[in-house]
Participant: 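Got a structure for you, written out below as structure tokens; questions coming shortly.
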Amino acid sequence: MTTNVNSNKFRDDSILNRLASFLYHEGGLIVTQVKQIKDRVFKVWTNEGESLILKGKPSLTGLVQQWDFFQEIESAFICKFTPFPNGKRMLHGLGFYWVITPFIEGEQMCFDKPEDRHDVLEVLKLFHKDAEGIELPNPILRQPLYARWNGRIEKLEKMRPLMQQLGYHAFYKDLLYMTHHKLNRFKAIDWHLFEADAVEKLKWIHGDVASHNFIRGINGKVYMIDFDLLSLSPPIYEYIQLGQRFLPSLTWDVSSLMSYCIWEDEQMIQTWLLGITVPSDLIRDLWYFINGNRNVKEIDSYLDRLTNSWYHRLEFVEHVEEMLR
């Protein structure tokens, strides 16, 4: 049994052996090898030569919804849960609820590659089309995007002392000002109408359109994985976040970004562009970096790179403002 351990919960071979024993006795799954990918996520090999992804969650709520959703949607590019050999959909033990999915042999998508950006956008559009209208009991409703972005401001304010200590107070002030300014304009849109429409028409979103949640299989097909944030929400949220993730690879060029716009309605285009100007993605990435066991030198170097790219972002925002006038 091999290990690649970075979790306090599953730190040594004895715990991993307990996990393998648990999977056999509770799920009928015979595991020959276990490799930890991240906290409570493992790649396991079975006695039949199959590779699976095993995930443990502290709560049943999201897992039940995902199972119900996967049973309703018909799509060839979604990586769904699969039952354990004894027929159980989920196992409970070692403090968590466990599910398995097939392991997709392939590579994570890279937004630096034009073909990957194109294919991810096309798959996302197909997903929204296939998912619309699926009715589930007690669907999970997440906060509107602007409300979640308010939480990003709170995270930024918590990072202020460190940024000041490292000499990035001016950058902090600029980032805080732009976030407040753009978010206030974004919040002024009647998002209640968008949210009500999503609930009424049963519009589902994946919830995290990061490149690592799209895999190009060895067969060339693109698959979506990790539906932990699945919810009834306006699909425009995902296209805003996808645009934010594409921009650095597009050298912050508005014209290049517009080639990924899926709307013809002027108001929808303006809403999409306005959302992309909110620097919520920068705060998210900075927060995860700082809280990722980095030393001060690494954080200083990261902040230096952000300040250099900040000027490109400012130019992008100015061009968008010209388009919105």
Side-chain angles (χ1 to χ4, degrees), residues 108-114 116-117 120 145-187 208-213 237-261 270-325:
Q108 294 179 0
M109 303 293 271
C110 175
F111 291 159
D112 286 340
K113 299 178 181 179
D116 283 6
R117 294 195 299 268
V120 164
L145 189 60
Y146 69 81
R148 283 179 271 144
W149 281 354
N150 275 332
R152 301 266 173 94
I153 292 178
E154 295 175 6
K155 287 183 170 62
L156 178 59
E157 291 171 342
K158 290 178 180 178
M159 293 186 283
R160 178 179 60 82
L162 178 60
M163 295 178 71
Q164 285 182 323
Q165 174 189 337
L166 295 176
Y168 294 93
H169 183 60
F171 173 52
Y172 168 82
K173 288 176 60 179
D174 285 351
L175 178 55
L176 183 64
Y177 171 79
M178 178 180 285
T179 306
H180 274 295
H181 177 62
K182 297 302 179 186
L183 186 52
N184 284 337
R185 290 185 59 187
F186 188 70
K187 289 192 295 187
D208 184 4
V209 290
S211 58
H212 58 255
N213 285 328
Y237 291 171
E238 307 225 86
Y239 297 111
I240 288 172
Q241 294 175 316
L242 200 63
Q244 289 177 329
R245 293 179 183 277
F246 282 2
L247 265 175
S249 300
L250 301 174
T251 62
W252 301 93
D253 181 66
V254 179
S255 299
S256 298
L257 177 67
M258 290 303 297
S259 67
Y260 298 95
C261 180
Q270 291 183 3
T271 300
W272 177 64
L273 286 172
L274 181 59
I276 291 173
T277 64
V278 182
S280 59
D281 57 310
L282 191 156
I283 300 172
R284 175 200 63 219
D285 293 345
L286 179 58
W287 176 261
Y288 283 127
F289 189 88
I290 287 178
N291 288 278
N293 295 320
R294 314 286 181 172
N295 60 44
V296 172
K297 185 177 180 180
E298 290 172 323
I299 295 173
D300 181 60
S301 177
Y302 186 78
L303 283 167
D304 184 61
R305 293 197 300 272
L306 284 186
T307 55
N308 289 330
S309 66
W310 178 246
Y311 299 104
H312 298 296
R313 186 185 290 259
L314 291 177
E315 290 179 358
F316 163 77
V317 171
E318 289 178 6
H319 291 157
V320 171
E321 288 294 341
E322 292 174 2
M323 294 176 65
L324 297 181
R325 291 191 186 105

Participant: Atom NZ of K173 and atom CE of M163: how far apart are they, to the nearest 0.5 Å?
Facilitator: 12.5 Å
Participant: Extract all donor-acceptor atom pairs below 3.5 Å that involve side chains of residues 283-296 and protein atoms in other chains or at least two apart in sequence.
Facilitator:
from	atom 1	to	atom 2	distance (Å)
N291	ND2	W287	O	2.8
N295	OD1	K297	N	3.1
N295	OD1	E298	N	2.7

Participant: Restricting to side chain to side chain donor-acceptor pair (under 3.5 Å), what partner residues turn up for T307, sequence neighbours left out?
Facilitator: none
Participant: Report yes if the side chains of S301 and R305 come closer than 4.5 Å at any heavy-atom pair, otherwise no.
Facilitator: yes
Participant: What are the two closest non-hydrogen atoms of L257 and W272, and how far apart are they?
Facilitator: O-CH2, 3.6 Å
Participant: Kindly write out the residues that satisfy salt bridge (charged side-chain N to carboxylate O under 4.0 Å, His left out) with R117, not counting sequence neighbours, or none if the list is empty.
Facilitator: none
Participant: At their closest point, which heavy atom of I276 faces which heavy atom of G243, and how far apart are they?
Facilitator: CD1-CA, 3.9 Å
Participant: Is the closest side-chain heavy-atom distance between N150 and K187 below 4.5 Å?
Facilitator: yes
Participant: Would a distance-only check, ignoring hydrogens and angles, find a side-chain to backbone donor-acceptor pair under 3.5 Å from S211 to F111?
Facilitator: no
Participant: Y237: what forms a ring pair (Phe, Tyr, Trp, His ring centres under 6.0 Å) with it, not counting sequence neighbours?
Facilitator: W191
Participant: Considering non-hydrogen atoms only, spot the tightest contact between S259 and S256 and give its length.
Facilitator: OG-O, 2.6 Å
Participant: For the pair D281 and R313, find out whether any cationic side-chain nitrogen is under 4.0 Å from an anionic carboxylate oxygen.
Facilitator: yes
Participant: Mark yes or no for whether D116, through its side chain, and C110, through its backbone, hold a donor-acceptor pair below 3.5 Å.
Facilitator: yes
Participant: Please work out whether the ring planes of F171 and Y168 are parallel, tilted or perpendicular, with thresholds of 30° and 60°.
Facilitator: perpendicular
Participant: Is it the case that atom OH in Y260 sees more than 12 heavy atoms from other parts of the structure closer than 6.0 Å?
Facilitator: yes
Participant: Got a list of side-chain donor-acceptor pairs under 3.5 Å for residues 152-159, not counting sequence neighbours?
Facilitator:
from	atom 1	to	atom 2	distance (Å)
R152	NH1	S280	O	2.9

Participant: Who passes salt bridge (charged side-chain N to carboxylate O under 4.0 Å, His left out) against E321, sequence neighbours left out?
Facilitator: K182, R185
Participant: Check I240 against T271 and note the closest heavy-atom contact, atom names and distance.
Facilitator: CD1-O, 4.3 Å
Participant: Could you check E322 against V254 for side-chain contact (heavy atoms from CB on, under 4.5 Å), going step by step and ending with a plain yes or no?
Facilitator: CA-CA 11 Å; E322 292 174 2; V254 179; over 6 Å; no
Participant: For L247 and H312, what are the C-alpha separation, side-chain angles and deciding distance, and is it a side-chain contact (heavy atoms from CB on, under 4.5 Å)?
Facilitator: CA-CA 10 Å; L247 265 175; H312 298 296; over 6 Å; no
Participant: What's the shortest heavy-atom distance between L273 and M323, and which atoms?
Facilitator: CD1-CE, 4.0 Å
Participant: Check L166 against D300 and note the closest heavy-atom contact, atom names and distance.
Facilitator: O-OD1, 4.0 Å
Participant: Compare all side-chain heavy atoms of L175 with those of W310 and state whether any distance is below 4.5 angstrom.
Facilitator: yes
